[in-house]
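For reference, the structure is listed below as structure tokens.
Every value quoted in this text rests on a predicted model; they were computed, and no experiment measured them. Numbers for residues simply follow the sequence, beginning at 1.
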Amino acid sequence: MNIKKELFSGSLSVSIITFIGHIFTAILKISISRLYGVEVFGVFTLINVTSRFLVSFVQLGYHQSMVYFVSKYHRLNEWGKISKIFKKGILGIIVSSILMTIVLFIFKTELNQIYFKNNNINVGMYIAGIMFVIAINNYISAILKGMKKHKEQAVIFTSLYPIIMVLSLIISLNQDKKPQIEVFYFNGILLNCIALIILIFWLNKKIDKKFISKKETPGINLTEYSVPVWISSVLRSGIGKADRIMLGYFASTDQVGVYGAGLTLSVLFSFPLKSLKPVLEPMIVNNFKDSKIANLNILFNTIIRWTSFYVFPIFGFLICFGINLLQIFGKDFSSGFSIMLVLCLSQIITTIFGATESFLNMTEKPKTNMKIIIAGAVITILLNILLIPIYGGFGAAIGTCISLFIINLLRLKAVKKLLKIEIDYSILLSLSLKFIPLLTLFNYIENLNILDWYYLALSYLSISIIFIYFSISKTEKKSVKKYLYNLKSNF
């Protein structure tokens, strides 16, 4: 199969599942913000961000190294080795999660005083629960990604957690019109744990069924490969979450809440890369093992091209109508518009060039990625310390944007040097020339206040779709038409 077609056909079904996951995540956050207000939404944001930061510690780098090893052994049909690393990995994550939970229990008072301003919620317990759930979720997703089970991986990684948490909120609301946030968290963590236990047994049975030979498989040095990935993961998570953690330390939970709303909209940009990565990473491993550098070049430039088709129209949309979307969270959130725009810039850079991390990790160069992230972590912390006390949430957004720009620039240089990849920037220039005038026009019309914003928004999206359609190649048009026809036939 043509390499672009393989990437396209695998990614389209994943993109629909990922989109559903994003919708449920947005529903959950909007519901929490409207039900409890900006302060509790700030606490909700801090609990989530702290949990996900600690996930990077307890998953020990297995969420990335498993993709590499499982892809490698799946290709060679060595199911004994897959079975061995699966069990070793799950045990390691459970042990590290227990140790981290003990640490959280010991320092629960300090955690509550420093970050949560003595809030009455038992934050330590809920942080530990969400941390464990996300760590196991990521691990199962990595195994499925390596096995090329793209649809199953997408359901678990992007949709399972938010769907269950929305279900938990509905259950809590049935018990009480305005339930305590603790009830929501308890129900959500319990339901997620039940679902993940079922998935672990299902996946273990699936792997053991394929493993026919009962001979002892040779030892696999999982730790050696995972350590640099682990360090990179911790630092990357710290970079991505330092804004909200340090904002919680230097400012108030209200500011964290406003910042969280702006971030929720900016995270829309991560959608295409999340859809492509499950298919992309095993393809990188296989083509690298076969020394098909030309294919790696095609893959890299295809990612830049396809993600650009998404981020340009969405950025224009948020510039024109972002303040209207922020008001969906509540009237207190509209002050986060400037924060949202800066965060959008950082997400655009990360989406278009974010595949550089996968190319380094999946081509046996995780140490290079680790060094870049160490430099990025130092820059992020320094910028946040300097900017947050003066500018609050806006300073956190500026610090994040600058550090992500530097990290992606360094990764880009490393990929070009180590993998000899030639980058084609023509699509970025082409789309800029089309969307800058469109954005200027709609921004001007909106300021005239002659039409309701949602009519303008629909018009903008319609014209954007036309622009993108005439920007894609004939082959890409045929593939899209074929997919839509197949989708219609299935329905």
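Counted within 6.0 Å of NZ on K413, heavy atoms from surrounding residues, nucleotides or ligands total 12 or fewer; the atom is thus considered open. Residue F405 qualifies as open at atom CZ: its count of foreign heavy atoms under 6.0 Å is 12 or below. Within a 6.0 Å radius of CZ in F186, no more than 12 heavy atoms belonging to other residues, nucleotides or ligands are found.
Looking at N48 and R244, their side chains never come closer than 4.5 Å, going by heavy atoms from C-beta outward. Looking at Y126 and F184, their side chains never come closer than 4.5 Å, going by heavy atoms from C-beta outward. The shortest distance between side-chain heavy atoms of S270 and T350 does not fall below 4.5 Å. Side chains of F57 and S96 form no contact here, defined as non-hydrogen atoms less than 4.5 Å apart. Two residues are said to be in side-chain contact when any heavy atoms from C-beta on lie closer than 4.5 Å; L160 and L199 meet this criterion. Two residues are said to be in side-chain contact when any heavy atoms from C-beta on lie closer than 4.5 Å; I373 and R411 meet this criterion. The closest side-chain heavy-atom distance from Q153 to K277 is not below 4.5 Å. Side-chain contact between L345 and F315 is present, with at least one heavy-atom pair separated by less than 4.5 Å.
Using cut-offs of 30° and 60° on the angle between ring planes, the pair F86 and Y139 is parallel. Between F333 and F41, the angle of the ring planes goes over 60°, which puts this pair in the perpendicular group of the 30/60° scheme. Ring-plane geometry between F300 and F359 is classed as perpendicular, the angle between the planes exceeding 60 degrees on a 0 to 90 degree scale with a lower cut at 30.
One distance of note links OH of Y425 with OG of S308; it measures 11.5 Å at 0.5 Å rounding. Note that CG of L273 and OH of Y310 are 11.5 Å apart. Values are rounded to the nearest 0.5 Å. With rounding to the nearest 0.5 angstrom, the OG atom of S473 is 5.5 Å from the CZ atom of R305. The line from CG of D243 to CG of L263 is 6.5 Å long, rounded to the nearest 0.5 Å.
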Determine, stepwise, if the pair F44 / Y185 fulfils side chain to side chain contact (heavy atoms under 4.5 Å, CB included).
-> CA-CA 10 Å; F44 168 82; Y185 272 122; 3.1 Å; yes

Tell me, with the steps shown, if L428 and I352 meet side chain to side chain contact (heavy atoms under 4.5 Å, CB included).
-> CA-CA 10 Å; L428 301 178; I352 294 175; 4.0 Å; yes

Given I130 and I189, is the side chain to side chain contact (heavy atoms under 4.5 Å, CB included) satisfied, shown in steps?
-> CA-CA 6 Å; I130 293 170; I189 291 165; 4.1 Å; yes

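Here the side chain of N137 pairs no donor or acceptor atom with the backbone of V133 at under 3.5 angstrom. A donor-acceptor contact shorter than 3.5 Å is absent between the side chain of S403 and the backbone of T380. Panel note: side chain K365, backbone T363; a donor-acceptor pair is recorded below 3.5 Å.
In this structure, F157 has its ring center no closer than 6.0 Å to that of Y161.
Side-chain contact check for N297 and N301: at least one donor-acceptor pair (N or O, by modelled atom type) lies under 3.5 Å.
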